[in-house]
Protein chains: 2
Amino acid sequence: MKFSKATNYALHTTLALVSASSVKPIGVQQLAKSQDVSTTYLSKILTKLAKAGIIESASGAQGGYRLTRNKDEITFLDIIHAIEGTSSMFECDFVHGDECLIQAEMKNAEQKMLQYLKETKIVDIAHKQST
Amino acid sequence: MKFSKATNYALHTTLALVSASSVKPIGVQQLAKSQDVSTTYLSKILTKLAKAGIIESASGAQGGYRLTRNKDEITFLDIIHAIEGTSSMFECDFVHGDECLIQAEMKNAEQKMLQYLKETKIVDIAHKQST
DNA sequence: GATATTATAGAGTCAATAAGTCTGCTATGA
DNA sequence: TCATAGCAGACTTATTGACTCTATAATATC
Ligand code: SF4
Ligand code: SF4
């Protein structure tokens, strides 16, 4: 019951992109260096973010990644969902009807966390960091 | 980023013990049958609950498991912590000082979930179920 | 006190997932 | 056209989860 390291990389990279916020895209080499991770692996992670519409890529020389949307539209939850998927943390093989109370409570609990992550934007901590 | 099946077994078994609430202990065979899991494996899970002080075991004939504490003191969180451990879902290898804001927000989010699980008691759903 | 019954411990097995590599391909700016 | 970047998919390795097997220890009952 842990978040994957990939999620960690994704959060850090997005934070870097939000902080940089340049029009010019930033190459994966530069992004990978600061996190001590291989470029090919980080690239694979960033492709997921791109598919989720959070960032976009530019091939070729002077290429790299940049944000697509407005900075303040990017939440923690967006990134986590892009990397970890959107299925519940409590999946039960059996389906014992709608009145399954254990599952209901577990999902309520999970929702509390997701709600917080949805309210928390990357740009918030980018601001705090720069002060 | 999923809860283990062991946690699921633990929750169901505890619910069964709370619902039964007999003075006589209940054997692992009986508990395992309803969940379609082997006795040896469930036993191992229940030993964790016992070590966490949630249930207690009795060896020998007519032995089994029963609750130790008062029913309404047992929360979802107790059980989850007993099985999954208490370490955070977001552990970072590097420790970049106290001002690590990503980690701080992730742990805030996690706390929201834990808080809910702490407030939710097994006995609550036992009541609902019996109605 | 012998015996059947029940939990406990720990090693060992098997499968699934996470984490990361390698290689060849595609897109694009200079 | 060529050097530079991302992309895709197959592949490998490490870690963890989900069990099983077996031998041991405790205890109620006879
Ligand atoms: S009661 Fe709910 S959580 Fe339990 S096994 Fe059935 S469906 Fe799963
Ligand atoms: S900034 Fe925080 S979360 Fe990021 S690598 Fe450092 S310690 Fe880990």
For this session: Respond yes when some side-chain nitrogen or oxygen of Ser57(B) is under 4.0 Å from OP1 or OP2 of dT8(C), and no when none is.
Result: yes
For this session: Whole angstrom is fine here: how far is it from CG in Leu42(B) over to C1' in dT20(D)?
Result: 14 Å
Problem set entry | Tyr9(B) side chain, from C-beta outward: closest of dT22(D), dA7(C), dC19(D) | dC19(D)
For this session: Just call it for Lys48(B): base, sugar-phosphate, or nothing, with non-hydrogen atoms closer than 4.0 Å on any strand.
Result: nothing
Seminar exercise, completed: Assert: residue with more 5' nearest nucleotide on DNA chain C, out of Gln62(A) and Thr39(A), is Thr39(A)
Seminar exercise, completed: Rounded to whole Å, CD1 of Ile55(B) lies from P of dT6(C) at a distance of 16 Å
Problem set entry | Sugar-phosphate, base or nothing in reach of Phe3(B), heavy atoms under 4.0 Å | nothing
For this session: Return the value, rounded to whole Å, for the distance between atom NZ of Lys2(B) and atom P of dA18(D).
Result: 12 Å
Exercise. Phosphate oxygens OP1/OP2 of dT21(C): is one of them under 4.0 Å from a side-chain N or O of Ser38(A)?
Worked result: yes
Exercise. Reckon Ser43(B) touches a base, only the sugar-phosphate, or nothing at all at heavy-atom distances under 4.0 Å?
Worked result: base
Exercise. How would you label the contact of Val37(B) with the nucleic acid (heavy atoms, under 4.0 Å): base, sugar-phosphate, or nothing?
Worked result: nothing
Exercise. With side chains defined as the heavy atoms from C-beta onward, is the minimum distance between Ile83(B) and Phe3(B) less than 4.5 Å?
Worked result: no
Problem set entry | Under-4.0 Å side-chain N/O to phosphate OP1/OP2 contact, Tyr41(B) with dG17(D) | no
For this session: Tell me whether the OP1 or OP2 atom of dC19(D) has a side-chain N or O from Lys5(B) closer than 4.0 Å.
Result: yes
Seminar exercise, completed: Whole-Å distance, Glu56(A) CD to dG6(D) C1', equals 13 Å
Exercise. Are OP1 or OP2 of dC7(D) and a side-chain N or O of Tyr65(A) less than 4.0 angstrom apart?
Worked result: yes
Exercise. Just wondering, do Ile79(A) and Ile122(A) contact through their side chains at under 4.5 Å, heavy atoms?
Worked result: yes
Exercise. CD of Gln29(A) versus P of dA3(D): gap in Å, rounded?
Worked result: 16 Å
Problem set entry | From Ile55(B) atom CD1 to Leu17(B) atom CG, the distance as rounded to the nearest 0.5 Å | 6.0 Å
Problem set entry | Atom-to-atom span, CD of Gln30(A) to P of dT4(D) - whole angstrom | 16 Å
For this session: Would you kindly give the CD1-to-P distance between Ile45(B) and dA9(C), to the nearest whole Å?
Result: 14 Å
Exercise. Just by modelled atom types, is the Lys107(B) backbone N or O under 3.5 Å from a matching donor or acceptor in the Lys112(B) side chain?
Worked result: no
Exercise. Quick one: are His127(A) and Val123(A) in side-chain contact, heavy atoms under 4.5 Å?
Worked result: yes
Exercise. Starting at CG of Asn8(B) and ending at P of dG17(D), how long is that distance when rounded to a whole Å?
Worked result: 15 Å
Exercise. Is Glu110(A) reaching over with its side chain to a backbone N or O of Ser88(A), donor-acceptor style, under 3.5 angstrom?
Worked result: no
Problem set entry | Nearest-nucleotide comparison on DNA chain C, the residue closer to the 5′ end among Ala58(A) and Lys44(A) | Lys44(A)
Problem set entry | Distance below 4.0 Å between Thr47(B) side-chain N/O and dT8(C) OP1 or OP2 | yes
